[in-house]
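Written below as structure tokens is the structure these notes are about.
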Protein chains: 2
Amino acid sequence: MAYFSGLWAKNINALSWVKTNSTTASGQSGQIGFSSLWAYGITMAGLLLLLKWLEWRFVIIDHSIAIYIGLIALFFTFFGIWVAKQLLEVKTQTIVVEKEIYVPVTPEFVLNEIELKKLNLTSREWDVLQLITQGKSNTEIASDLYLSTSTIKTHVSNILSKLEVKSRAQVMEKAKRLKITP
Amino acid sequence: MAYFSGLWAKNINALSWVKTNSTTASGQSGQIGFSSLWAYGITMAGLLLLLKWLEWRFVIIDHSIAIYIGLIALFFTFFGIWVAKQLLEVKTQTIVVEKEIYVPVTPEFVLNEIELKKLNLTSREWDVLQLITQGKSNTEIASDLYLSTSTIKTHVSNILSKLEVKSRAQVMEKAKRLKITP
DNA sequence: ACGAAAATGGTACTTAAGTATGAATGTATC
DNA sequence: GATACATTCATACTTAAGTACCATTTTCGT
């Protein structure tokens, strides 16, 4: 029984050494637990052999029951370690890292329909407005729509009135600002 | 020694029960390992007491050594579990999930300096051009820059020439297209 | 300091833009 | 069918835009 106490004390020392070792070596990921366990086991076994071999003959008969208990202790220690490994499941921690991605937003044009409806333009006025924003002259617009310049002038005049501006240049500026044209 | 074998078999059963329990209850995060360990310990102790109490008197003398060994086994099993907990650091498997966040790219205007230089505009012409793209009339531009309309007309005419267009409306359109104006 | 380019301004002119008004025709909506 | 609105076109006019040509002054690089 005296030897068993000694073995206990040695085990604690061996344990603390193994633990220190595993902490410092924690850089290499993965199998730390297993290799440390082996180191621990081998160290323990080595100590046991070392201690016992020195006084083997004196002990082998007198303290056979103590050795037996020691082996039982050793076995169940490993058994406990095995049990712990089964019980302690690997915790999976999911960390969601929000990563800002600057999407190359295509200079997509979304027509501001709210503002467009406020203007209360007729469909023909809308046609003319779009051609105006393309920098076209009255003559060109008339040509595009197969109309006379007189008609275009009328439409343009109405557009200016509805947009509350005084020139086609201001129409272009305001149409851009209100996002009713690309 | 016969009892020890029985105890072993019971342990296995108890273990498997505990493991199943811990798996199903894995929803609640944290202390699963510990509570399961306690459940396991209590179950084992309970079984031990139950089995032994039934034949206590018959056994207490004959098999005192077996009980002693059983206790040793129990203790070192827990010791092994404790050791394993020290050695096996809780592996936290970190899964980094990148979540795309679409940053609302402000409709930022980047001046197309390459195209701008090609135009070979003078600084004053550039001033006038910017005011043109704001939809301002020659009179307004003259007023803004403290110049006569004659000067503005000269600048505008030069701008039209350099941009190879025929009206201020086309200037606005082309300036937008070349991204030399917001 | 000199020359080239830039900046400013003027006059005269042409052309396009924009206004005002009216009218004919088409098209829904009740 | 009457009404309201949209569409088309025309005439006459005013105003702004744009051109052409010239002149003066300022700025800047070598």
Side-chain angles (χ1 to χ4, degrees), chain A residues 111 113-178 180-182, chain B residues 111-178 180-181:
Chain A
L111 191 134
E113 297 190 46
I114 300 116
E115 286 294 336
L116 183 56
K117 283 196 172 176
K118 282 187 191 169
L119 297 174
N120 210 30
L121 294 170
T122 68
S123 69
R124 213 50 168 159
E125 283 162 2
W126 175 238
D127 294 340
V128 175
L129 173 55
Q130 288 183 298
L131 295 172
I132 288 175
T133 59
Q134 290 170 27
K136 294 195 172 180
S137 69
N138 291 341
T139 312
E140 288 170 325
I141 296 170
S143 176
D144 283 9
L145 300 179
Y146 304 104
L147 297 175
S148 72
T149 53
S150 300
T151 307
I152 305 304
K153 280 190 177 185
T154 307
H155 287 319
V156 170
S157 201
N158 291 333
I159 292 167
L160 297 182
S161 175
K162 287 180 179 177
L163 290 200
E164 295 176 307
V165 294
K166 293 171 77 178
S167 72
R168 68 206 296 109
Q170 290 183 336
V171 168
M172 296 176 75
E173 191 277 326
K174 188 158 186 176
K176 255 259 160 299
R177 188 152 42 81
L178 297 184
I180 59 175
T181 191
Chain B
L111 192 134
N112 187 346
E113 297 189 48
I114 300 114
E115 286 295 334
L116 183 56
K117 282 195 173 176
K118 282 186 192 169
L119 297 174
N120 209 29
L121 294 170
T122 69
S123 69
R124 214 49 168 160
E125 284 162 1
W126 174 239
D127 294 341
V128 174
L129 173 56
Q130 289 183 299
L131 294 172
I132 287 174
T133 58
Q134 290 170 25
K136 293 193 173 182
S137 68
N138 291 340
T139 314
E140 287 171 327
I141 296 170
S143 175
D144 283 9
L145 300 179
Y146 304 104
L147 297 174
S148 73
T149 53
S150 300
T151 308
I152 305 305
K153 280 189 174 185
T154 307
H155 288 317
V156 170
S157 203
N158 291 333
I159 292 167
L160 296 182
S161 175
K162 288 180 179 177
L163 289 200
E164 294 175 309
V165 293
K166 293 172 76 177
S167 71
R168 68 207 296 112
Q170 289 183 337
V171 170
M172 296 176 75
E173 192 278 325
K174 188 158 187 176
K176 256 258 161 296
R177 188 152 42 81
L178 298 183
I180 60 176
T181 189

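Owing to the predicted nature of the structure, the values given are computational and were not obtained by experimental measurement. All values below were derived from every heavy atom in this structure, side-chain atoms included, with hydrogens, water molecules and symmetry-related copies excluded.
Distance CG (A:Leu121) to P (D:dC5): 16 Å, rounded to an integer number of Å.
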Strictly under 3.5 Å: I want the nitrogen or oxygen pairs between protein and nucleotides 7-10 of chain D, one per line.
{"unit_1": "D:dT7", "atom_1": "OP1", "unit_2": "A:Ser123", "atom_2": "OG", "d": "2.7"}
{"unit_1": "D:dT7", "atom_1": "OP1", "unit_2": "A:Arg124", "atom_2": "N", "d": "3.2"}
{"unit_1": "D:dT7", "atom_1": "OP2", "unit_2": "A:Thr122", "atom_2": "OG1", "d": "2.3"}
{"unit_1": "D:dT8", "atom_1": "OP1", "unit_2": "A:Arg124", "atom_2": "NE", "d": "2.9"}
{"unit_1": "D:dT8", "atom_1": "OP1", "unit_2": "A:Arg124", "atom_2": "NH2", "d": "3.1"}
{"unit_1": "D:dT8", "atom_1": "OP2", "unit_2": "A:Arg124", "atom_2": "NE", "d": "2.9"}
{"unit_1": "D:dT8", "atom_1": "OP2", "unit_2": "A:His155", "atom_2": "NE2", "d": "3.2"}
{"unit_1": "D:dC9", "atom_1": "OP2", "unit_2": "A:Ser148", "atom_2": "N", "d": "3.1"}
{"unit_1": "D:dC9", "atom_1": "OP2", "unit_2": "A:Thr151", "atom_2": "OG1", "d": "3.1"}
{"unit_1": "D:dC9", "atom_1": "N4", "unit_2": "A:Thr154", "atom_2": "OG1", "d": "3.3"}

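The side-chain contact (heavy atoms from CB on, under 4.5 Å) test applied to B:Ser137 returns B:Thr139, B:Glu140, not counting sequence neighbours. Annotation: side-chain contact (heavy atoms from CB on, under 4.5 Å) contacts of B:Leu160 (sequence neighbours excluded): B:Val156, B:Val165, B:Val171. Scanning for side-chain hydrogen bond (donor to acceptor under 3.5 Å, both in side chains) contacts around A:Thr149 gives an empty result, with sequence neighbours left out. For B:Lys136, the side-chain hydrogen bond (donor to acceptor under 3.5 Å, both in side chains) partners two or more places apart in sequence, or in a different chain, are B:Asp144. For B:Thr151, the side-chain hydrogen bond (donor to acceptor under 3.5 Å, both in side chains) partners are B:Ser148, not counting sequence neighbours. With sequence neighbours left out, the side-chain hydrogen bond (donor to acceptor under 3.5 Å, both in side chains) criterion links A:Thr154 to no other residue.
Listed by first then second residue, pairs satisfying salt bridge (charged side-chain N to carboxylate O under 4.0 Å, His left out) with a partner in residues 112-123 of chain B read B:Glu115-B:Lys118, not counting sequence neighbours. Here salt bridge (charged side-chain N to carboxylate O under 4.0 Å, His left out) pairs that include residues 146-166 of chain B, with residues two or more places apart or in two chains, are B:Glu125-B:Lys162. For residues 169-178 of chain A, the salt bridge (charged side-chain N to carboxylate O under 4.0 Å, His left out) pairs, not counting sequence neighbours, are A:Glu173-A:Arg177.
Checking B:Lys153 against B:Ser167, the closest nucleotide of DNA chain C that is more toward the 5' end is the one next to B:Lys153.
Between the axis at the start and the axis at the end of the helix from C:dA1-D:dT30 to C:dC30-D:dG1 there is an angle of 60°, using five pairs per end and rounding to 10 degrees.
Heavy-atom contacts of chain B under 4.0 Å fall on DNA chain C between two terminal nucleotides, which in 5' to 3' order are C:dA6 to C:dT11.
For the side chain to side chain contact (heavy atoms under 4.5 Å, CB included) criterion with B:Ile180, the lone passing option out of B:Leu129, B:Thr133, B:Ile114 is B:Leu129.
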